[in-house]
Amino acid sequence: MPYPRARWALAAGLACLATPAAAQKDYRNLDDDRPLLTEDALPIERGALELMLPLRADRSRGAAAQVAAFPELMWGAFRGGHLGLKLPLVTAESPASLRRWGPASAELLAFANLRGESATLPALSVRADVGVPLGGVVGGRRVTAQLKGIATRSLGASRVHVNAAWTFGAGTAAGLPLEAPHRWTTSLAVDHTLWRRALLIGAEAIATRPVDGAPVQVNVGAGLRWQLDPHVVLDAGVTRRLRATGPDLGVTAGLAWSWPTQRLGPRPRQRGAATPPASEPAVVVHDDRMYPAGAFNWAFLRRFPDAARLFNAFDYGHAILYERLWNEPGLPRAALDSAEYAFLATDLLRRPPALPVAEEAVFPAYDRIAYRAARMFDWAHVLHRQIYDIYAEPGRSDSARAAEIERLTDHYLANVRDAFTPEPKAMELMDEQPFSQSFRRGYPRFNGLIWAYHWLQVGLYEPFLATADTAAQRRLVDDVVRRFLVMVDGDSTALPSVMPMTAAVAPRFAARHPRAAMIFDNLHMMHDIISDVLVDPRVPRREKGAEIRRQLDAFQRGDRDTIDAAHWAMMADHMGGVERMGGVAVP
């Protein structure tokens with residue numbers, strides 16, 4: 001009997017009934033069946049737990065439609081990979097001619113990234129699945145195993161993906177087209193990121209041969225993934241067959257939630273500086289980390305959305321800078337100081353993205369030579385944003401906030417692979433190396449814009465330490481943001497002329513949390529150093545990636561090229577005074 005249209009509508013609608021949990025930039029992850037069958041080669045974030053609820057309906061002319069749900073739970077369990085459990089639920093006709101829902105099988109999966117993208121090679125991953133039949137009206141009858149190879153290559157904001165899978169065993173699934181195993185499957189997909197809208201669109205072509213020797217099926221499909229807010233991703237897609245076999249039309253829709261599993265632990269009794277790895281391995285796997293769990297997460301965005309969204313614009317500003325400097329040696333000054341600056345100051349900073357920018361979509365070429373730098377910057381930016389969240393979360397005492405920030409800093413430093421040292425680095429690293437100051441001489445206006453970013457990033461802590469009154473905090477936050485916009489909206493004389501130092505711009509925060517303040521100053525110095533390395537022709541192009549890695553090594557070591565805390569606190573005086581840095585954020 002045909003499947004009523006009303007049930008189609010109900011099935012699609014069920015995929016949209018849910019409340020969000022927590023995620024970040026998950027819309028760029030192409031998972032199996034969400035919404036394309038083709039996957040990308042990147043694992044979920046380490047420490048993330050992700051629940052996916054996709055719903056699929058296939059229909060062939062003259063036959064009843066078939067509906068299946070594919071609830072799946074994935075865990076970023078290890079470096080560069082994740083584990084998962086999938087429980088397909090499908091409909092089938094019973095012997096009594098009744099339509100029933102039931103599990104087809106239980107599927108266990110392991111996904112491992114073998115390498116991230118390099119200058120010449122795509123990202124490569126493997127996935128292994130084992131399907132265990134559950135019997136019943138719709139269940140399969142034999143255990144099957146599948147091995148899949150996955151490749152992903154970035155081309156600007158677009159990516160190309162190739163998948164190839166082989167199934168071992170001759171399992172069946174009660175003749176159900178949606179869950180019938182295939183001997184082999186190959187697919188090619190292309191997607192494109194609309195980073196400002198947190199939207200991914202994609203299309204694919206798939207060829208499969210069923211294990212029972214039926215003719216090869218060829219389908220095409222298209223779909224999208226849209227990040228609705230920091231917590232939840234919506235996906236939707238459609239497929240169409242190109243040959244005589246297979247369902248005429250398939251539709252899929254679903255939601256996904258992901259949340260962090262690592263919580264902040266108690267303060268360690270001894271906080272000796274951990275030693276980072278001696279060097280980056282020859283083959284670097286993709287290993288992004290999920291932010292730590294806490295009730296405070298996203299509180300700053302909820303209370304101060306206009307200020308929080310500016311950071312999303314900053315992410316773009318840093319990313320496009322590095323991408324253009326790498327792709328266009330000898331870039332004319334006007335390209336950054338006029339055209340790119342105008343876009344940022346008059347457009348993006350006035351209408352910043354609502355959600356964090358997927359920076360990999362903005363700087364894919366740079367990311368291939370400096371993935372370690374991107375990973376370290378991202379980890380420090382997580383610390384930045386979560387400290388804002390702790391300050392913005394209502395109902396905490398001042399002492400509780402201070403203790404939580406120190407615990408958060410401990411958590412940051414425990415990731416020795418990606419953490420900047422909390423020891424203040426000597427300014428000579430930024431100003432007195434052979435390539436130093438090349439960027440600020442070549443692009444002084446854009447350099448001032450980057451320094452204005454840094455002024456706001458540390459300056460926004462001060463309103464929360466200057467007063468406990470929430471209304472007054474809001475006024476001070478608005479005032480700091482207004483001063484930043486005045487800086488970037490006028491001529492270059494309003495921009496900082498030396499790099500803002502946290503102890504000068506945000507003295508209350510630096511006194512309360514010196515380790516975090518020193519980490520942020522080291523982060524901001526490293527931003528300048530990378531710009532100089534990319535610009536300066538004295539660093540050959542083939543050696544720029546290696547030079548960036550050498551600089552990162554120095555900024556992860558706390559036993560050399562450092563200054564004492566007293567010297568760090570007075571550094572603004574040696575650099576010409578805080579007014580040259582943009583001024584104290586909250587006098």
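This chain uses plain numbering: 1 for the first residue, then up along the sequence. Because the structure is a prediction, the values reported are computed rather than measured.
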Can you name the salt bridge (charged side-chain N to carboxylate O under 4.0 Å, His left out) partners of Arg351, sequence neighbours left out?
Asp347

Pair Ser154-Glu117, side-chain donor/acceptor within less than 3.5 Å
yes

Could you note down all residue pairs passing salt bridge (Lys or Arg N to Asp or Glu O under 4.0 Å) where residues 453-466 supplies at least one of them, sequence neighbours left out?
Glu462-Arg508

Sidechain-backbone polar pair: Asp229 side chain, His231 backbone, donor-acceptor under 3.5 Å
yes

Is the centre of the Phe363 ring less than 6.0 Å from the centre of the His318 ring?
no

Contacts of Ala402 that satisfy side-chain contact (heavy atoms from CB on, under 4.5 Å) - sequence neighbours left out:
Arg512, His513

Are Tyr371 and His286 close enough that their ring centers fall under 6.0 Å?
yes

Under a 3.5 Å threshold, yes or no: a donor from one side chain and an acceptor from the other, between Trp257 and Asp26?
no

Do other residues, nucleotides or ligands put more than 12 heavy atoms under 6.0 Å from Arg350 CZ?
yes

Quick one: which of Asp235, Val232, Ile201, Leu199 gives a side-chain contact (heavy atoms from CB on, under 4.5 Å) with Trp226?
Leu199

Hey, mind stepping through Phe377 and Phe420 against side chain to side chain contact (heavy atoms under 4.5 Å, CB included) and telling me if it holds?
CA-CA 9 Å; Phe377 285 178; Phe420 286 90; 3.5 Å; yes

How long is the straight-line distance from CD1 of Ile369 back to CD of Glu543, given to the nearest 0.5 Å?
12.5 Å

Just by distance, do the side chain of Lys425 and the backbone of Arg560 share a donor-acceptor pair under 3.5 Å?
yes

Any idea which heavy atoms bring Trp451 and Asp528 closest together, and the distance?
NE1-OD2, 3.0 Å

List the atom of Pro260, the atom of Ala293, and the distance in Å for their closest heavy-atom pair.
CG-CA, 3.5 Å

Those residues at least two apart in sequence (or on a different chain) that pass salt bridge (charged side-chain N to carboxylate O under 4.0 Å, His left out) with Arg159 are Asp40, Asp191

Pairs under 3.5 angstrom only: tabulate donor-acceptor contacts from the side chains of residues 300-310 to other protein residues two or more places apart or in another chain.
residue: Arg302; atom: NH1; partner: Asn297; partner atom: O; Å: 3.3
residue: Arg303; atom: NH1; partner: Ala392; partner atom: O; Å: 3.0

In Å, rounded to the nearest 0.5 Å, how long is the span from CG of Asp469 to CD of Gln473?
7.5 Å

Which pair of non-hydrogen atoms, one from Glu404 and one from Ile390, has the smallest distance, and what is that distance?
CG-CD1, 3.5 Å

Does Arg396 form a side chain to side chain contact (heavy atoms under 4.5 Å, CB included) with Phe296? I'd like the steps, not just the answer.
CA-CA 10 Å; Arg396 286 178 180 263; Phe296 50 81; 3.8 Å; yes

What closest approach, in Å, do Pro514 and Trp568 show between heavy atoms, and which atom pair accounts for it?
O-CH2, 4.4 Å

Between the main-chain N or O of Leu429 and the side-chain N or O of Gln433, is there a donor-acceptor pair closer than 3.5 Å?
yes

Close side-chain approach of His192 to Val190, heavy-atom, < 4.5 Å
no

Just distance, no hydrogens or angles: give the donor-acceptor pairs under 3.5 Å from side chains in residues 580-587, sequence neighbours left out.
residue: Arg580; atom: NE; partner: Ser497; partner atom: OG; Å: 3.2
residue: Arg580; atom: NH1; partner: Met575; partner atom: O; Å: 3.4

To the nearest 0.5 Å, atom CG of Leu355 lies from atom CZ of Arg197 at 13.0 Å

Within 45° cone of Trp326 ring axis and under 6.0 Å: Arg541 NZ or CZ
yes

Sidechain N-carboxylate O distance under 4.0 Å for Glu547, Arg550:
yes

Of Arg225, Glu360, Arg28, which is the lone residue that meets side-chain hydrogen bond (donor to acceptor under 3.5 Å, both in side chains) with Thr193?
Arg28

Closest heavy-atom pair, Ala503 versus Ala510, reported as atoms and distance to 0.1 Å, is CA-CB, 3.6 Å

What residues form a side-chain contact (heavy atoms from CB on, under 4.5 Å) with Asp479, not counting sequence neighbours?
Arg482, Arg483

So Phe509 and Tyr391, would you call those rings parallel, tilted or perpendicular, with 30° and 60° as cut-offs?
perpendicular

Are Arg557 and Glu423 close enough for a salt bridge, meaning some N to O gap below 4.0 Å?
no

Yes or no on side chain to side chain contact (heavy atoms under 4.5 Å, CB included) for Ile387 and Tyr412, after CA distance, side-chain angles and deciding distance?
CA-CA 11 Å; Ile387 293 178; Tyr412 167 84; over 6 Å; no

For the pair Arg46 and Asp287, find out whether any cationic side-chain nitrogen is under 4.0 Å from an anionic carboxylate oxygen.
yes

Can a donor-acceptor pair be found between the side chains of Tyr461 and His384 at a distance below 3.5 Å?
yes

Scanning both residues in full, the closest heavy-atom pair of Ala313 with Leu349 reads CB-CD2, 3.7 Å

Results of salt bridge (charged side-chain N to carboxylate O under 4.0 Å, His left out) for Asp521 - residues two or more places apart only:
none

Does this structure show an ion pair linking Asp378 with Arg289, if we count only N-O contacts that are shorter than 4.0 Å?
no

Please round to the nearest 0.5 Å and tell me the distance separating atom CG of Leu325 and atom CG of Asp536.
11.5 Å

Full working for side chain to side chain contact (heavy atoms under 4.5 Å, CB included) between Gln551 and Ile530:
CA-CA 8 Å; Gln551 298 300 317; Ile530 289 181; over 6 Å; no

Donor-acceptor pairs under 3.5 Å, side chain of residues 439-450 to any protein atom, not counting sequence neighbours: which ones?
residue: Arg440; atom: NH1; partner: Asp431; partner atom: OD1; Å: 3.2
residue: Arg440; atom: NH2; partner: Asp431; partner atom: OD1; Å: 2.9
residue: Tyr443; atom: OH; partner: Leu331; partner atom: O; Å: 2.3
residue: Arg445; atom: NH1; partner: Asp337; partner atom: O; Å: 3.0

Approximate separation, where rounding is to 0.5 Å, of Lys544 NZ and Tyr366 OH
12.0 Å

For Trp195, what residues pass the ring-ring contact (aromatic ring centres under 6.0 Å, His included) criterion, not counting sequence neighbours?
Tyr316

Before you tell me yes or no, could you show the steps for His411 and Tyr291 under side chain to side chain donor-acceptor pair (under 3.5 Å), namely the whole-Å CA-CA distance, both residues' side-chain angles and the distance that decides it to 0.1 Å?
CA-CA 10 Å; His411 182 88; Tyr291 54 83; over 6 Å; no

With Arg474 via salt bridge (charged side-chain N to carboxylate O under 4.0 Å, His left out) - residues at least two apart
none

So does Gln457 get a backbone contact from the side chain of Tyr388, meaning a donor-acceptor N/O pair under 3.5 Å?
yes

Check side-chain hydrogen bond (donor to acceptor under 3.5 Å, both in side chains) between Ser531 and all other residues, then give those that pass, not counting sequence neighbours.
none

Between Glu204 and Thr38, a side-chain donor and acceptor under 3.5 Å:
yes

